[in-house]
Protein chains: 2
Amino acid sequence: MSGIEDVARAAGVSKATASRALTGHGYVSAATRERVARVAQELGYVPSSSAASLATGRTRNIGVVMPYLNRWFFAEVLEGIQEVLLESGYDLTLYDAKPGTEGRRRVFDDFLARKRFDGLIAVGLEPDHHELERLVAIGRPVVSVVAIGDSAGVVRLDDEHAARRATAHLIELGHTKIAFVGGISVSQGPHVDRARLAGYRATMAEAGLPETHVRSEVTLPGGYAAAVDLLGDAERRPTALVATCDEVAIGAIIAARRLGIPVPGSLSVVGIDNHEFAEMFALTTLEQSPRNQGAQAARMLLEQLANPGQVPQDVSIQARLIVRSSTAPPPGTPSVTVGVGVP
Amino acid sequence: MSGIEDVARAAGVSKATASRALTGHGYVSAATRERVARVAQELGYVPSSSAASLATGRTRNIGVVMPYLNRWFFAEVLEGIQEVLLESGYDLTLYDAKPGTEGRRRVFDDFLARKRFDGLIAVGLEPDHHELERLVAIGRPVVSVVAIGDSAGVVRLDDEHAARRATAHLIELGHTKIAFVGGISVSQGPHVDRARLAGYRATMAEAGLPETHVRSEVTLPGGYAAAVDLLGDAERRPTALVATCDEVAIGAIIAARRLGIPVPGSLSVVGIDNHEFAEMFALTTLEQSPRNQGAQAARMLLEQLANPGQVPQDVSIQARLIVRSSTAPPPGTPSVTVGVGVP
DNA sequence: TTGAAAGCGATACCAA
DNA sequence: TTGGTATCGCTTTCAA
């Protein structure tokens, strides 16, 4: 374990010069810089990050707080963040904060307070008042993916817009009996699902169509269960579904197949996400690319660390409609070209 | 930001005593310990981790290296690790090391060399010679989930055993035309899939049955594609499938449904994992509980940090067979009770 | 049981 | 352009 002192001695310079040569802060002649670098290389010198942090106050580490690690959206965001940080030489410390757990309390009250990071990325956190206070108290820049309810930099999908586009797509195809699957209500549950439900309702109202909202857990099995219920009654059955996300949409497609209801022949389904399984189920969906959102959040944070004065600009992403083969005109439509068959 | 000096002053003791009172190392009278603790609490004192690390050489941080974050197995392991570390007050720094990327090289050559952790957990890494060398060079305890090819503590599923059990289950049901789906060969690809293929082959050989191995990407869409190929030809079609993991198994079930082949009526499918989707597809499978493996690895590492002399004991887990409704006797079996219908 | 002081390993200011 | 040195905040040895 050679320290900077060893490097300095071997290069015939002082610690101060060695430090300047290695960090690039301050004037050093090109010749000595090179010599020091070479010596450091030969000695396999690796700076002690705790010593450097103590001296500078910076850690070259970013904290990431998320409520789930094992859901597609969160895992993708995390990979996006990781990729950018890796390029920039930053470490990533992960904090798992599942809603309503003792662990979450400890994360906010103990772990984050230690400030072992220069900045924080909060992903889909939906913090309560106390938690928000703690976040602010840390005194480090925070960027969030999906709204956090305050002025920090935010990267997020325009959820209402995405649901509007999804609903409009079905209306354009000629559907009138369109149900929304997922979430609880416009005033309860995660903000994401509320905004999407609101987008659906607004679009239906504007078109003068009746709304149907079916609650469901926001998971693939949840969508399956909800769809089995909804589609069971042939009379009441809608001709199209807007799902709050692709997992729910896929659950619904699987349910429809089990019930012998052809998709898109008798039932159209549109999701939001462009989940890794979407293509396999030929799902028409609105792409939100969580990986890019993560990468963008990381860039925003690094930018803020580099220019502390600057106010971060929020970013709102408009989802892109990807038409595959889970949507078609409703049954009985006089067809010019009816929806392409599923592979 | 009050430091330990402020606490000491406010409590009327020296820095040394304050430190002893707070860390619990060394003798302090109960009275002063309590007073110091109270004062620290009042002042909202949070120790500087870089200062503490610099002084002690320990970081209270654990590094986790994995090749994927967005796959079920890895995400589950990560949650298991996180949970244990959270309880013990350890931070978790995550390193993403995708095979064959420049990022992976940097993780091994630069990031890990900084040793910002007291120990490392390697999950499903399959390091090459150079990488293994780097891992050893770090000089910190390493525990791995899934073999790493050396003497470090290892927590892993007994993959060969799991595949043997899966195959035996089908044989017991009376199947003779049993194919294995997934992986590349016994000598290529990830160790996990090689071991499982080997288990299948050994069991088939012992029963004097012919082997069929169908290569497939180890993903749900991969299983789907492979199954479509395999099941297309009615003559060649097996009556049962052992899949290298549940995602492949589920892909195969979906393919069978699309092809109109009833499961388990005409085709039995058994997986390995007990994936979160397994129940929904009524999949018979061997449970491996990656979450527990992660938790166990974390405990093993903490144990090693506490007792540095001790040699870590490897842990091999035997998977438990969970029979659901994707397996039944082959078609044409004189039935007492034939496999339960799928819900 | 407590206190004084010497590190831990870098950075950065001030002089030269 | 370089070197000497104080400093970051805590832990830990040694004496008292």
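All heavy atoms count here, side chains included; hydrogens, waters and symmetry mates do not. By convention in this document, chain letters (A, B, ...) are assigned in the order of the sequence lines, proteins followed by strands, and residues within each chain are numbered from 1.
The phosphate of D:dT11 has OP1 or OP2 within less than 4.0 Å of a side-chain N or O from B:S19.
Counting heavy atoms from C-beta on, the side chains of B:D314 and B:V155 never come closer than 4.5 Å.
A:S49 comes within 4.0 angstrom of no nucleic acid atom, judged by non-hydrogen atoms across all strands. When heavy atoms are screened at a 4.0 angstrom cut-off, A:S50 is found touching no nucleic acid atom at all.
When the C1' atom of D:dC10 is taken as reference, atom CZ of A:R114 falls 15 Å away, rounded to whole Å. Remark: P of D:dT7 and CD of B:E5 are 12 Å apart, rounded to the nearest angstrom. Note: CG (A:L54) to C1' (D:dG9) measures 6 Å, nearest angstrom.
Each end of the helix from C:dT1-D:dA16 to C:dA16-D:dT1 yields a helix axis from five base pairs, and these two axes differ in direction by 40° (to the nearest 10 degrees).
Among all heavy-atom pairs drawn from A:D96 and A:V107, the shortest one is O-CG2, 3.5 Å.
Figure legend: cation-pi geometry between B:R134 and B:F108 absent, as NZ or CZ is not positioned both under 6.0 Å from the six-membered ring centre and within 45° of its axis. A cation-pi arrangement is absent between A:R71 and A:F74 under the rule of less than 6.0 angstrom and at most 45 degrees off the ring axis.
Partners of A:D193 under the salt bridge (charged side-chain N to carboxylate O under 4.0 Å, His left out) rule, at least two apart in sequence or in another chain, do not exist in this structure. Contacts of B:Q310 classified as side chain to side chain donor-acceptor pair (under 3.5 Å), with partners at least two apart in sequence or in another chain: none.
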Below 3.5 Å is the cut-off: list the nitrogen or oxygen pairs between protein and nucleotides 3-6 of chain D, distance only.
unit_1	atom_1	unit_2	atom_2	d
D:dG3	OP2	A:S14	N	3.0
D:dG3	OP2	A:S14	OG	3.4
D:dG3	OP2	A:T17	OG1	2.7
D:dG3	N7	A:R20	NH2	2.7
D:dG3	O6	A:R20	NH2	3.2

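The only member of A:R156, A:Q318, A:Q293 that meets side-chain hydrogen bond (donor to acceptor under 3.5 Å, both in side chains) when paired with A:Q288 is A:Q293.
Here the CD1-OG distance, from A:I4 to A:S19, works out to 4.5 Å after rounding to the nearest 0.5 Å.
Salt-bridge formation is detected for the pair B:E79/A:K98: a Lys NZ or Arg NE/NH1/NH2 atom is positioned less than 4.0 Å from an Asp or Glu carboxylate oxygen. For A:R105 and A:E131, the salt-bridge test fails: no basic side-chain N is under 4.0 Å from an acidic carboxylate O.
For the pair B:T56 (side chain) and B:A52 (backbone), a donor-acceptor distance under 3.5 Å is present.
Defined by atom type and a distance below 3.5 Å, a donor-acceptor pair is present between the side-chain atoms of A:Y95 and B:D91. A:S53 and A:T59 form no side-chain donor-acceptor contact under 3.5 Å, judged by distance and modelled atom types alone.
Of the residues in residues 29-46 of chain A, those lying under 4.0 Å from DNA chain C by heavy-atom distance are A:Y45.
Here the range on DNA chain C touched by chain A, meaning any atom under 4.0 Å from one of its heavy atoms, is C:dG9 to C:dA12.
In this structure, B:A51 and B:G26 both approach DNA chain C, and ranking their closest nucleotides by distance from the 5' end singles out B:G26.
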